[in-house]
Amino acid sequence: MKVATWNVNSVKARIDVVLAWVKQADPDVVGFQEIKCLDENFPRFEFEALGYHVETFGQKSYNGVAILSKHPMQDVVRGIDGYADEQSRYIEVLVTPKGGTPLRFVNLYLPNGNPAPGPKYDYKLAWMAALQARVASLLYDEERLVVAGDYNVIPEPADVHNPAAWLKDALFLPATRAAFRRFEALGLTDAIRACNALPNQYTFWDYQAGAWQKNNGIRIDHLMLSPQAADVLREAGIDRHVRGWDKASDHVPAWCVLN
DNA sequence: ATGCCGCCAACATGGCGA
């Protein structure tokens, strides 16, 4: 089963590019972030025509997450259970392949947190604490679980082209990285890192200042696996080439294969 | 120091968020 995550930076503005990647990559399950539309405006029919079930948790203008799955989905939860959040950043499903092992899939868009310090950074850290509690609870079920999305966290210096330039950024501050380490220490496996120990495997390049051309990127989109999912991890990758397409998102898809 | 892009309200462009 191929499982992917992609911050599409507006699904409506980017529908042609998004469809092109979905057809090319052919994921079984994919989580989109920053769909930037209400549920009723999500272009669901275009994806249903490709054989996908669609679950959305949209919002006007900003944020918004969605999950496409070729297999039926159950237990859809919108928002982190027990955490009041005005922003649509989290959706959780149980993917149930016919005759196969179910997969719990979380798709998240973690707050950016800039400028830090400040209320936006406080929100980021509070959100990470809520996520930690929710995933800790899910891990008790000992299922195959993938917690994927745009984490807005650069885990290590090897995940950023120029670490010195990011030292005061909410994506790379010590408190951010510490929170992410605590999260990983629940027993999660970073699929990209597990399959590829090379540094500088980026998933985001800013539109500004020729960041793509200079390979001035960061790795902030992650697929975090429960032990039961990590046991069946076969392959993982980043579809870097998508960043070079016309009308590209500033993020590219990341994916892994479980079987 | 700045360089981009998409959203909105509302017709021109400015504010916001990333």
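Convention: sequence-line order gives letters A, B, ...; per-chain numbering from 1. All figures in this text were calculated on a predicted structure; none of them were measured in a lab.
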Q: Please tell me which of R14(A) and H251(A) maps to the more 5' nucleotide of DNA chain B, matching each residue to the nucleotide holding its nearest heavy atom.
A: R14(A)
Q) How do N112(A) and A248(A) order along DNA chain B: which one's closest nucleotide is nearer the 5' end? A) A248(A)
Q. So Y151(A) and F183(A), would you call those rings parallel, tilted or perpendicular, with 30° and 60° as cut-offs?
A. tilted
Q.
So Y109(A), base contact, sugar-phosphate only, or nothing? Heavy-atom distance under 4.0 Å.
A. sugar-phosphate
Q: Check every strand shown and say whether A209(A) touches a base, only sugar-phosphate, or nothing at a heavy-atom separation below 4.0 Å.
A: base
On a whole-Å scale, what distance lies between the [atom1] atoms belonging to [N] and [M]?
N: dA9(B); M: dG3(B); atom1: P; value: 25 Å
N: dA18(B); M: dC8(B); atom1: P; value: 15 Å
N: dT2(B); M: dA12(B); atom1: C1'; value: 24 Å
N: dG6(B); M: dC11(B); atom1: P; value: 23 Å
N: dA10(B); M: dG15(B); atom1: C1'; value: 14 Å
N: dT13(B); M: dA1(B); atom1: C1'; value: 24 Å

Calculate the interatomic distance between [X] atom [atom1] and [N] atom [atom2]; express it in whole Å.
X: N63(A); N: dG6(B); atom1: CG; atom2: C1'; value: 13 Å
X: F172(A); N: dA18(B); atom1: CZ; atom2: P; value: 20 Å
X: I35(A); N: dC5(B); atom1: CD1; atom2: P; value: 22 Å
X: K36(A); N: dG17(B); atom1: NZ; atom2: C1'; value: 7 Å
X: N9(A); N: dG17(B); atom1: CG; atom2: C1'; value: 10 Å
X: D150(A); N: dA18(B); atom1: CG; atom2: C1'; value: 10 Å
X: D250(A); N: dG3(B); atom1: CG; atom2: P; value: 16 Å
X: D206(A); N: dT2(B); atom1: CG; atom2: P; value: 14 Å

Phosphate-side-chain proximity, [X] and [N], N/O vs OP1/OP2 below 4.0 Å:
X: K247(A); N: dG6(B); value: yes
X: Q208(A); N: dC4(B); value: no
X: R89(A); N: dA18(B); value: yes
X: K12(A); N: dC8(B); value: no
X: K120(A); N: dG17(B); value: yes

Q: Starting at CG of D169(A), measure out to CG of N112(A) and round the result to the nearest 0.5 Å.
A: 7.0 Å
Side-chain donor-acceptor distances from residues 24-33 of chain A under 3.5 Å, at least two apart:
from: Q24(A); atom 1: OE1; to: H241(A); atom 2: NE2; distance (Å): 2.7
from: D26(A); atom 1: OD1; to: K70(A); atom 2: NZ; distance (Å): 2.4
from: D26(A); atom 1: OD2; to: K70(A); atom 2: NZ; distance (Å): 3.3
from: D28(A); atom 1: OD2; to: K2(A); atom 2: N; distance (Å): 2.8
from: Q33(A); atom 1: OE1; to: N7(A); atom 2: N; distance (Å): 3.1
from: Q33(A); atom 1: NE2; to: T5(A); atom 2: OG1; distance (Å): 2.9
from: Q33(A); atom 1: NE2; to: G31(A); atom 2: O; distance (Å): 3.3
from: Q33(A); atom 1: NE2; to: N107(A); atom 2: OD1; distance (Å): 2.6

Q: Among H251(A), E34(A), K36(A), K247(A), find the one that has a side chain to side chain donor-acceptor pair (under 3.5 Å) with N9(A).
A: K36(A)
(Q) In the structure I gave you, are the side-chain heavy atoms of E92(A) and L138(A) within less than 4.5 Å of one another anywhere? (A) yes
Q: Check for a donor-acceptor pair, side chain of Q59(A) on one end and backbone N or O of S88(A) on the other, with a separation under 3.5 Å.
A: yes
